[in-house]
Each structure stands twice: as structure tokens, then as C-alpha cells.
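Contents: one structure, followed by commentary.
No hydrogens, no waters, no symmetry mates; every other heavy atom, side chains included, goes into these values. Sequence lines set the chain letters: A, B, ... in the order given, protein chains first and strands last, and positions in each chain run from 1.
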Amino acid sequence: MIEVRDLRKVYGPKTVVDGVSFSVEPGEIFGILGPNGAGKTTTVECIGGLRQRDGGSITVAGMDPAREGRAFREALGIQLQESRLPDKQTVGEALQLYSSFYEKPRDWRELLDRLGLGTQEKTYFAKLSGGQKQRLSVALALIGNPQVAILDELTTGLDPAARREVWSLLADLKGTGVTLLLVSHFMEEAERLCDRVAVIDGGKVIATDTPEGLAAGAQGEQRMSFIPSAPLDLAALQQLPDVHGVSTSGDRVVVSGSDNVASAVIIALHGNGITAQKLRVDQPNLDDAFVQLTREAEEDSAMTRAGGSR
Amino acid sequence: MSATSMMIKTESKLMLRNPGVVLWTAILPVVAAIVLGAIPGTRNPTDDLGGASFFGVYQPVLVLFAICMLAVQALPDVLTRYRELGVLKRLRTTPASPGLLLVAQLALIFSVSVVCMLLMVVLPTFFGAPWPENVPAFLVSYVLAAWAMLGLGMVIASLFRNAKVAAGFGTVLFFVLQFFAGLWVPRPTMPGWMRTISNLTPTGAAQQALADAAAGHWASIGYFGVLLVWGAVTSLLAVRIFKWE
């Protein structure tokens with residue numbers, strides 16, 4: 001549905017997007033993750049035909065955004081980062097206005113109800129909460145019944161409750177057939193919603209996988225912590241084959257190690273008649289994978305720079 | 001409903017919800033025109049004004065006051081604000097052109113200014129003021145003047161990204177334009193060199209064209225030429241430099 005090959009975009013001396021490639025299947029929710037300034041927005045603005053690319057090829061629903069015409073705009077809905085409406089425009093008016101731009105728009109009232117804005121039809125934009133504004137923004141991106149929708153930094157600046165509100169809405173959209181391209185720097189968002197993600201840093205794709213696949217690939221350690229029911233020989237714990245490190249933090253004992261560390265420690269404790277109270281086990285998650293990936297990318301480019309200056 | 005009519009309808013509603021600028025623009029000159037027309041003395045030819053009457057000189061100035069305020073203050077204010085909000089960029093993502101919004105705003109501002117002009121011409125006649133003697137010349141002069149003013153407003157909206165800066169610049173330009181229209185020093189009493197400059201400004205040329213039409217004749221072709229050049233140059237410039245984001 002979306003095919004990006006070797007996309008390049010240069011601003012003056014700076015290469016902002018440097019050979020980005022990925023493809024998105026129909027009906028998929030695809031995430032583009034990356035730290036601020038990684039080139040995410042520039043990438044999706046090229047895909048959306050809002051910027052001219054300097055190299056590579058892009059196909060969206062069989063069309064080239066660089067030669068965008070009416071058919072392209074009908075097929076693609078875009079929610080832009082930090083895009084607002086006039087203060088005194090009501091929710092209903094905005095949806096009616098935007099639906100008049102399309103050949104076969106969705107029923108705006110149905111969309112309104114679906115996005116939980118049914119009771120806000122006559123509310124001015126300025127009076128909406130942050131979450132409601134973002135949901136309206138999603139509604140405007142979907143009003144034309146697009147095959148593909150791009151949503152850029154949808155939940156940035158929202159409080160946790162509003163963020164969850166928007167997430168549940170997007171989860172509902174799954175299975176309606178629309179292909180979603182989601183730009184985010186929230187790992188939790190990608191973990192909950194995306195079928196696959198591409199991590200972009202320094203204008204390059206540094207990884208593409210499912211969120212679980214990326215998390216599993218991270219060489220993060222399992223970390224467990226607990227309060228032992230009786231004094232514990234920490235040195236003996238350290239000797240266990242799966243354990244990499246043991247430390248204490250107040251009453252708690254913190255053990256890190258490979259995948260089996262939790263069961264190994266519990267068995268060892270059990271053998272000594274000790275139980276692990278208030279046990280916590282943390283899996284390496286997408287956050288860890290993300291930090292690790294972007295740090296590696298940074299080190300690589302630092303090495304390249306050092307090598308180049310010699 | 002078509003996208004164009006929907007856009008005009010929406011923009012009219014929004015304008016009605018922020019009536020401040022439009023009311024202020026309309027009420028002041030309209031009331032001034034009525035008061036001026038109601039005083040019998042203003043209709044007599046005056047030697048100080050080169051044989052013209054006070055009403056004959058000032059009615060065009062007031063008509064220009066309204067269109068000038070709407071075009072160089074209200075219009076750039078709305079457009080720069082829309083750009084700041086990202087409304088223009090959002091429109092680019094739809095099959096509709098963001099140009100549609102500009103067309104809707106221009107049509108709306110022009111309509112309001114035409115209503116103001118009609119009020120300023122018609123209402124004073126109830127109090128004894130004369131009608132413009134050459135109506136076609138008056139209307140042609142008015143349309144050309146409006147074109148030049150709206151062109152200037154579009155250039156301001158193109159030059160400035162920040163709504164506050166655009167508003168500040170619009171205010172300064174408004175006073176300069178009103179000065180050359182003769183709001184403080186009526187054009188017939190301007191010194192020769194100042195009048196030459198005034199003749200080349202859109203408001204100066206427009207005042208002459210409107211005053212001549214009110215007195216019954218077409219102004220000399222040069223004044224229309226000045227208005228045409230201002231209208232064409234500002235429009236082309238605005239089209240070239242206008243940015244959607």
C-alpha cells in the first residue's frame with residue numbers, strides 16, 4: 001500500500017532523510033519511531049506529497065506523491081503535527097466543510113459518534129479538550145474515506161488519560177481496512193497499536209520489525225527484584241549460572257541476568273527455605289530496544305566522523 | 001453543497017462570530033458619511049477646496065477608509081492567523097485547494113466593503129446629500145480601488161508570517177494610505193509636490209476618480225492607470241510570494 005525506496009531529502013548542506021526504505025501492507029498499522037529530529041516528519045511529509053523529495057521513489061496506493069493530483073488526495077488522509085482550527089469553528093461545521101472536499105466522504109455524523117464526539121457537535125474548537133481536538137483531527141484525516149491515513153505525533157502533549165482515549169480509538173480502526181502510518185516517539189504507543197515499526201535515526205532506518213521482535217532483539221537483561229523473607233547470601237546468588245549481577249537497594253535485592261534468571265533464583269531461594277516477597281520481573285521492552293538501537297546508531301556515526309577526520 | 005459555497009458559508013459564519021473588526025470598520029465611516037451629508041453647509045462649493053464641496057471631497061475619503069481598513073488590516077489578520085494555525089497546510093492535504101480559502105476570504109471582504117460603500121452613498125441622501133452624478137464612473141473607480149487595496153492586503157499576508165507583525169504593518173500602511181487619500185489634508189489643498197505623490201498612490205488616485213465621478217465626470221485616464229498598475233502588480237507579487245505554511 002505504501003512503498004518507500006531510498007528516500008532522500010536535503011535541506012541546504014544537511015541531509016535530513018538519507019536513504020529511507022520500507023513498505024506497508026494494506027490494512028496494516030505501521031509505526032515510524034525515532035528520536036526528535038530523526039527525520040520522521042520530513043519522511044511522512046514526502047510520502048504525503050507536501051514536500052518534494054530529492055531522491056528515491058515513493059508509491060502510495062499505486063500513485064506517486066510527487067505527481068499528486070486529486071485522486072491522490074482522495075486516497076490519502078493526513079493528520080499533521082500541531083495543526084489547529086479556527087477557535088470559533090464548531091466540530092460539526094469543520095466535519096461538514098471537510099467532507100464537502102471529497103467525492104465519496106464518510107457520513108460525518110457516524111464518524112462523529114464513532115470518535116466519541118457526538119455530544120460535541122456544536123462545541124467550538126477552542127472549547128474542546130486536548131484529547132477531543134486530536135480525535136477531531138483524526139476524524140478530519142478519515143472523513144474522505146481514505147485508503148491510507150498518516151497520523152503524525154498524534155498524542156504528543158496529551159495527558160495520559162487523553163492519550164489512552166486516542167489509542168482506544170485507533171485500536172478500533174484496526175480491521176476497518178484503512179492502512180495507518182503512525183509517527184511517534186512514544187514506545188508504549190507503538191507497542192500497543194502497531195503491527196510493525198520502523199525505527200529511524202539520523203535520517204536512516206536502523207531497524208524494521210514487529211514491536212515484540214524489536215524488544216526481543218534488544219540485548220537487554222531481565223531484571224528481577226524482591227524482598228527476601230530471611231537474610232540471604234548474596235555471594236552464593238552471584239554464583240548461579242544465569243545471574244550476571246546482584247545488588248541491593250534498601251530491603252530489596254536486585255538481580256539481573258539472562259532469560260532464565262527469575263526461575264533460577266526462585267529455585268535457589270526455595271532450596272534455602274527463603275521466599276521472594278513483593279517480586280517484580282521486568283522484561284526488556286521496546287523502550288530498551290529503542291534506546292539501544294539509537295545509541296548504537298549514534299556511536300556508529302561518531303566513529304564514521306572520527307574516521308573521516310583522520 | 002459544493003466545496004466553494006461550503007467554504008464561503010463557513011467563513012461567513014466565522015466572520016459573524018468575530019464581528020469586532022467588521023463592525024468597527026463599517027460603523028465609523030458610515031456614521032461619519034451620514035453626519036457629513038446631513039450638514040447643509042458641506043454641500044456648497046468652497047474656494048478653499050478649489051471649487052469642490054466638503055462632502056464631495058470627504059465622501060470618497062470615507063468610502064476608501066472602509067475598504068482600506070478591511071483590505072490592509074482585516075484580510076491579512078485572518079490569513080496570517082490561518083497560516084499560524086496550520087489551517088492552510090491542512091487544506092493542502094485535501095482534494096480542495098487552499099486557494100479556495102483565499103478566494104472565500106477575498107469574496108467575503110469585498111462583499112462587506114461593497115455593502116459599506118452602498119450605505120455611505122445611499123444613507124446620506126436621506127438627509128439631503130446628493131447622489132454621485134456619474135454612477136458607472138463611481139462604480140468602476142470603486143472596483144479598481146478595491147482591487148488595488150485587496151492586492152496590498154494580500155502582499156502583507158504574504159510578507160509576514162506573524163499575525164501580530166502583519167497587523168502592525170497593516171495599521172501603519174492604513175494611516176499612510178489615508179493620509180494620501182486626504183483624510184487630514186484634503187487633496188485640493190495639498191502642496192503641488194505632495195499632490196503629485198498622492199496621485200501615484202492607490203488611495204490618492206482612487207479619491208480623485210471617485211470625487212470626479214461624484215461630480216459627474218470620468219477622471220482622466222491616468223488615475224485609472226495608477227489603480228490598474230497597483231492592482232496588477234500587488235496581485236502578481238502576492239501570488240508569487242504567498243506561502244501556505
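Residue A:R73 holds its CZ atom at 11.0 Å from OG of B:S97, rounded to the nearest 0.5 Å.
Between chain B and the residues A:L50, A:I78, A:L85, the largest count of heavy-atom pairs under 4.5 Å involves A:L50.
Residues of residues 130-142 of chain A placed with any heavy atom under 4.5 Å of a heavy atom in chain B are listed by number as A:S137, A:L140. For residues 62-96 of chain B, the interface with chain A (any heavy-atom pair closer than 4.5 Å) comprises B:Y82, B:E84, B:L85, B:G86, B:V87, B:K89, B:R90, B:L91, B:R92, B:T93, B:T94, B:P95, B:A96, sorted by residue number.
Pairing each heavy atom of B:L14 with each of A:K88, the nearest pair is CD2-O, 3.3 Å.
Using a cutoff of 4.0 Å between basic side-chain nitrogens and carboxylate oxygens, A:E93 and B:R17 are scored as salt-bridged.
Contacts between A:Q96 and chain B at a heavy-atom distance below 4.5 Å involve backbone atoms as well as side-chain atoms. Looking at A:Y98, the atoms closer than 4.5 Å to chain B (heavy atoms on both sides) all sit in the side chain, from C-beta outward. Heavy atoms closer than 4.5 Å to chain A are found nowhere in B:K9, neither backbone nor side chain.
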